[in-house]
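Below: the structure, in structure tokens.
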Amino acid sequence: MSEKSASLPRILVLATGGTIAGMAGSATRHEYRPGQISVADWLAEAAQFGMAAELTGKQIANIGSEDVGPAIWSALHSAILAAIADDAIDGIVVTHGTDTAEETAFLLDLTLPPTKPVVIVGAMRPADAVGSDGMRNFVNAVRVASDSEASGRGVVLVMGDRILAARDARKVRTRGTDDAFRGFPRGSIGLVTPAALDWFGNPWRQDDQPRFAFPAALPEVPILYIGAGMTPDLVDRILPNDPTGIVIAGVGEGNMPDPLRERLVEHAKAGLTVVRASRVDEGLVDREPEDDPNGFVAARALNPQKSRVLLQLLLANKEGDLNRVQAAFDNP
Ligand code: SIN
């Protein structure tokens, strides 16, 4: 190893697939297949950009992120924990489909120590599209993972030259590159290009312990998306056998029709943990006075899919006490 390469940050790339590894076969076709390019081929292609980092890769999966779930999360979690413990690795980049990247990022954020940079990155356009964003996002992600100030911020997501904290990152567009992801309630915590990196503010996570143990299994937690006039029967139809929790993607500030609420109150009294989130893109769902007698939890700044991840972790860790569940949502 040359003296120069010995001093370069050593970045482990964990590849899971998605559009960043996708191919259309033709620059003028809309349809494409995610998860076509191997991490080895990707890193060979990336080598031409002369990044100031030494990259090694591991293929965790090569799939569309609609199929990412507990098995992939578990494999990623183990690989990242091993990398965090490995003195020969300075930072970790995870390539991932954008559809569920926010869930993977948040789950990892809640279950990993914040001691080394962990960066999730994807692309809105496949690798062979005109104006593909994958390699730029990837080069940006490597820059972030190589930065000495990146740790202590938890897992971050890099898309469209922005750095978003896992807790805040949301996919807000089905197409397009620049504004596909947004942060809420915090916007970008930094900006990055292949040539420059700026953080807004200092690292805020001084703890070196994960917030949750990574569980052996995650309970199924459905999300009920409320529409005007929905009837209570839907609650019973959507609940699995032996349900432990449900997230309501309510109208406005987590509201729902009265008869449906009453059915949920019955379930809550029988032990179901009910979290009120909102189907509205941006906005807080605060606790209301009725949440106490109803036995409900308010999602605060978390959207329904992030609420589901947090509730799954809480329930898997046997946390059903409503005050403590609410506290976890108040301060995710
Ligand atoms: C996926 O999430 O795997 C497909 C969409 C994307 O990566 O942008």
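Counting starts at 1 for both ligands and their atoms, following the listed order.
- Asn294 contributes no side-chain N or O that, together with a main-chain N or O of Val265, makes up a donor-acceptor pair within less than 3.5 Å.
- At least one donor-acceptor pair under 3.5 Å links the side chain of Asn317 to the backbone N or O of Leu313.
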Mind listing the side-chain donor-acceptor pairs of residues 226-238 below 3.5 Å, one per line with the distance, residues two or more places apart or on another chain?
| from | atom 1 | to | atom 2 | distance (Å) |
| --- | --- | --- | --- | --- |
| Asp236 | OD1 | His267 | NE2 | 2.8 |
| Asp236 | OD2 | Arg263 | NH1 | 2.3 |

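- Contact residues of ligand 1 (protein heavy atom closer than 4.0 angstrom to a ligand atom; sorted by chain and number): Gly18, Thr19, Tyr32, Gly64, Ser65, Gly97, Thr98, Asp99, Ala123.
- Salt bridge present: Asp330 and Arg300 bring a charged side-chain N and a carboxylate O closer than 4.0 Å.
- Residue pairs meeting the side-chain hydrogen bond (donor to acceptor under 3.5 Å, both in side chains) criterion with at least one partner in residues 155-165, sequence neighbours excluded, are Arg136-Asp161, Asn140-Asp161, Arg162-Asp179.
- For residues 53-90, every residue pair satisfying the ring pair (Phe, Tyr, Trp, His ring centres under 6.0 Å) rule, not counting sequence neighbours, is listed here: His77-Phe214.
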